[in-house]
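Notes to accompany the following structure.
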Amino acid sequence: HEVEGRTSCRSTDLPPFGAFYPEYERQTGTWQPWYRDLMTGTVRPPGGGPCQGMTSEAWALRGR
């Protein structure tokens, strides 16, 4: 996964607390925030921009 330079679109009160995912993983040993955000469409791409990942619309198409 291309996680370098990416962080969460969620509040900085939640993991990864405004840090980039690789930095958070080095400090905690877990990729949980990355997978949560990827599966809920809340990954902020490098340099900003709209959130990315699996949106609720994409999940709704599953199995069609």
Side-chain angles (χ1 to χ4, degrees):
H1 308 296
E2 296 179 19
V3 298
E4 200 63 42
R6 296 175 190 270
T7 190
S8 182
C9 288
R10 296 174 186 257
S11 168
T12 56
D13 294 340
L14 300 169
F17 304 110
F20 295 117
Y21 297 113
E23 176 185 325
Y24 182 81
E25 187 279 330
R26 282 191 294 275
Q27 295 172 355
T28 63
T30 184
W31 286 100
Q32 186 176 5
W34 159 251
Y35 288 112
R36 177 203 60 210
D37 292 345
L38 178 64
M39 297 306 217
T40 58
T42 54
V43 173
R44 184 170 313 284
C51 298
Q52 299 175 335
M54 295 292 295
T55 62
S56 57
E57 293 82 11
W59 283 108
L61 295 174
R62 191 180 77 158
R64 288 188 180 190

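Judged purely by distance below 3.5 Å, without hydrogens or angles, the side chains of T30 and T28 never pair a donor atom with an acceptor atom.
Residue S8 holds its OG atom at 11.5 Å from CG of L38, rounded to the nearest 0.5 Å. Rounded to the nearest 0.5 angstrom, T7 OG1 and F20 CZ are separated by 6.5 Å. Rounded to the nearest 0.5 angstrom, W31 CH2 and R36 CZ are separated by 13.5 Å. Between the CD atom in E4 and the CD atom in E23 there is a gap of 10.0 Å [rounded to 0.5 Å].
Residues satisfying the side-chain contact (heavy atoms from CB on, under 4.5 Å) test with P46, not counting sequence neighbours, are R6.
When all heavy atoms are compared, the tightest approach of P50 to P45 is O-CD, 3.3 Å. Taking every heavy atom of both residues into account, Y21 and T42 meet most closely at OH-O, 3.9 Å.
Hydrophobic clustering places V43 together with Y35 (ILVMFWY residues linked when any side-chain heavy atoms are closer than 4.5 Å, directly or through intermediates).
Within 6.0 Å of CD in Q27 there are more than 12 heavy atoms belonging to other residues, nucleotides or ligands.
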